[in-house]
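To keep things clear, I will list the structure first and then write my remarks on it.
To find a chain, count down the sequence lines: A is the first, B the second, and so on, and within it residues start at 1.
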2 protein chains.
Amino acid sequence: MAKAKHTTIIEFTRKIASVNIAYRQFIQSKFKEHDVDLTFEMLQVLACLWNQDGINQQEIANLTVKDKASMTYLIDNLTKRDLVYRQEDENDRRNKLVHLTSKGKTTKAEVQPFIDEMYAAAGKGLDIIELERCMSLLQKLEQNLKEHI
Amino acid sequence: MAKAKHTTIIEFTRKIASVNIAYRQFIQSKFKEHDVDLTFEMLQVLACLWNQDGINQQEIANLTVKDKASMTYLIDNLTKRDLVYRQEDENDRRNKLVHLTSKGKTTKAEVQPFIDEMYAAAGKGLDIIELERCMSLLQKLEQNLKEHI
DNA sequence: ATTAAATGGTTAAATGCTTTACTATTTTTG
DNA sequence: CAAAAATAGTAAAGCATTTAACCATTTAAT
């Protein structure tokens, strides 16, 4: 690979990591400011359920790009906080369906504004066409990495 | 914000997270395949030192986009494995300069090929101009998030 | 010059991630 | 149908991250 391109890829990789961290810090900072006692990961899980309640742990893991073992741990913690509960799936007893408690449901009203704010802030001044072009490049890059493992 | 754009940003955000994970899994998979007993995070630190030995912990933290507390922990772990050692900076005694041991240096030859392979795989078929355009969009997005915290 | 502020590092606690091994259940295959 | 493979979830151990409080040292302000 040409030196210039190699250097560009290295910078690009670092930028992806730092953007990822910026998202996380945005939410953590808003939550701290407003005394919301939730981690970024818990929020990711809750957001899936606000969109569709009663999906199973593996489905949540896929949506949040996490491991099923991490998901067990996260659902445990959310259960301790009385935000969700597990229910066995009668149609396929391997599955545990995850449901929001009433507290889990009301939490949405409390935190959704911060999520909307995050997306609004992130996209400020960005062109949707550019975003889509960039996303398709990211898609190719991800596919490249997965193909060469 | 228009609905289409909001949806695009949400997808975009998820794609950034999944690309980040793809990088990590690429390295973890190569390391496992070749019995290299290093985590992704340890590699990030070592790669900084292979590039420039003897920088301080905060500099490594900045380069790897990590917290200084995480850095203390990582340097502790790398020290236990006899890959690096700390040295007090005589010019500014707040700093600890981190140096590679001889084992830390020889590890580079073992591992650098996988890193090069990762960047080569990632960039395959991608245009450098596109990469730079995408990177500048990511830069704006990151700046947006930081400004609205 | 002295005080206040900033910087670099450490520690501890709580949370999260990853790997491996394991159980239970369902689906595929021969 | 029975054996094998795949899928969903759990558990434990080791590693990583975040926050907050805390030192030590250096720099800035007056």
Side-chain angles (χ1 to χ4, degrees), chain A residues 17-18 20-33 35-46 55-81 83-98, chain B residues 17-18 20-29 31-33 35-45 55-81 83-98:
Chain A
S18 66
N20 217 37
I21 289 169
Y23 272 112
R24 177 178 302 267
Q25 290 184 339
F26 182 96
I27 285 295
Q28 281 169 340
S29 158
K30 292 291 174 193
F31 279 10
K32 188 179 167 189
E33 186 184 345
D35 294 312
V36 178
D37 182 26
L38 287 177
T39 66
F40 187 78
E41 286 77 14
M42 291 176 187
L43 173 63
Q44 288 182 290
V45 174
L46 290 175
I55 57 181
N56 69 43
Q57 297 187 193
Q58 186 59 53
E59 287 169 330
I60 302 174
N62 294 339
L63 288 168
T64 56
V65 199
K66 289 184 194 307
D67 193 78
K68 65 180 180 173
S70 303
M71 201 44 58
T72 293
Y73 178 84
L74 274 168
I75 305 287
D76 282 350
N77 266 348
L78 287 167
T79 300
K80 278 181 207 154
R81 295 181 189 221
L83 292 165
V84 307
Y85 63 93
R86 291 179 170 96
Q87 180 195 29
E88 204 174 70
D89 183 348
E90 295 185 358
N91 298 320
D92 184 339
R93 285 164 55 218
R94 290 171 301 185
N95 299 347
K96 303 275 177 76
L97 306 181
V98 183
Chain B
S18 66
N20 219 35
I21 289 168
Y23 272 112
R24 176 178 302 266
Q25 289 184 338
F26 183 98
I27 284 296
Q28 280 170 341
S29 157
F31 278 12
K32 187 177 167 189
E33 187 184 343
D35 293 311
V36 178
D37 183 25
L38 286 177
T39 65
F40 186 79
E41 288 75 14
M42 291 175 186
L43 172 63
Q44 289 182 288
V45 174
I55 58 181
N56 70 42
Q57 296 188 194
Q58 186 58 54
E59 287 168 328
I60 301 175
N62 294 340
L63 287 168
T64 56
V65 200
K66 288 183 194 306
D67 192 78
K68 64 180 180 173
S70 304
M71 200 44 58
T72 293
Y73 177 83
L74 275 168
I75 303 289
D76 281 351
N77 266 349
L78 287 168
T79 300
K80 277 180 207 155
R81 295 182 188 217
L83 292 165
V84 308
Y85 64 95
R86 292 179 170 94
Q87 178 194 31
E88 204 173 70
D89 183 351
E90 294 186 357
N91 299 319
D92 184 339
R93 284 164 53 219
R94 291 172 301 187
N95 299 345
K96 304 273 178 76
L97 306 181
V98 183

Could you tell me how far apart [X] ([atom1]) and [N] ([atom2]) are, to the nearest whole angstrom?
| X | N | atom1 | atom2 | answer |
| --- | --- | --- | --- | --- |
| B/Met42 | D/dG14 | CE | P | 13 Å |
| B/Ile27 | C/dT19 | CD1 | P | 13 Å |
| B/Arg94 | C/dT10 | CZ | P | 14 Å |
| A/Leu83 | C/dT15 | CG | P | 13 Å |
| B/Ile60 | C/dG8 | CD1 | P | 13 Å |
| B/Leu38 | D/dA16 | CG | P | 10 Å |
| B/Ile75 | D/dT17 | CD1 | P | 12 Å |
| B/Asp37 | C/dT18 | CG | C1' | 13 Å |

Residue closer to the 5' end of DNA chain C, B/Arg86 versus B/Ile21 (nearest nucleotide):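 The residue whose closest nucleotide sits nearer the 5' end is B/Arg86.
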A/Asn77 or B/Tyr73, whichever maps to the more 5' nucleotide of DNA chain C: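 Counting from the 5' end, the first nearest nucleotide belongs to B/Tyr73.
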For [N], does OP1 or OP2 lie under 4.0 Å from any side-chain N or O of [X]?
| X | N | answer |
| --- | --- | --- |
| B/Lys68 | C/dT10 | no |
| B/Arg93 | D/dT25 | yes |
| A/Gln58 | D/dT7 | no |
| B/Arg81 | D/dG14 | no |
| A/Lys32 | D/dA20 | yes |
| B/Gln28 | C/dT19 | yes |
| B/Gln57 | C/dT10 | yes |

Checking all strands, does [X] fall into the base, sugar-phosphate, or nothing category for heavy-atom contacts under 4.0 angstrom?
| X | result |
| --- | --- |
| A/Asp67 | base |
| B/Met71 | nothing |
| B/Thr39 | sugar-phosphate |
| B/Asp89 | nothing |
| A/Asp76 | nothing |
| A/Asn95 | sugar-phosphate |

Reported [atom1]-to-[atom2] distance for the pair [X] and [Y], which is rounded to 0.5 angstrom:
| X | Y | atom1 | atom2 | answer |
| --- | --- | --- | --- | --- |
| B/Met42 | B/Phe31 | CE | CZ | 11.0 Å |
| A/Glu41 | A/Met71 | CD | CE | 9.5 Å |
| B/Thr39 | B/Asn77 | OG1 | CG | 7.5 Å |

Close side-chain approach of A/Ile55 and A/Val98, heavy atoms under 4.5 Å: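 Side chain of A/Ile55 against side chain of A/Val98, heavy atoms only: no contact under 4.5 Å found.
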side-chain hydrogen bond (donor to acceptor under 3.5 Å, both in side chains) partner of B/Arg86, chosen from B/Asn95, B/Asn56, B/Asp76: B/Asp76
Name of the residue among A/Gln58, A/Lys66, A/Glu59 meeting side-chain hydrogen bond (donor to acceptor under 3.5 Å, both in side chains) with A/Asn62: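 Among A/Gln58, A/Lys66, A/Glu59, the one that satisfies the side-chain hydrogen bond (donor to acceptor under 3.5 Å, both in side chains) with A/Asn62 is A/Gln58.
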Side-chain-base donor-acceptor pair under 3.5 Å for A/Lys96 and D/dG9: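 For A/Lys96, whose side chain was compared with the base of D/dG9, there is no donor-acceptor pair (under 3.5 Å).
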Residue B/Asp92, side-chain heavy atoms: nucleotide from D/dT10, C/dT11, D/dT25 that is nearest: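 Taking heavy atoms from C-beta onward, the closest nucleotide is D/dT25.
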Which nucleotide in D/dT17, D/dT25, C/dT19 has an atom nearest any side-chain atom of B/Leu74: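 Of all the options, the side chain of B/Leu74 is nearest to D/dT17.
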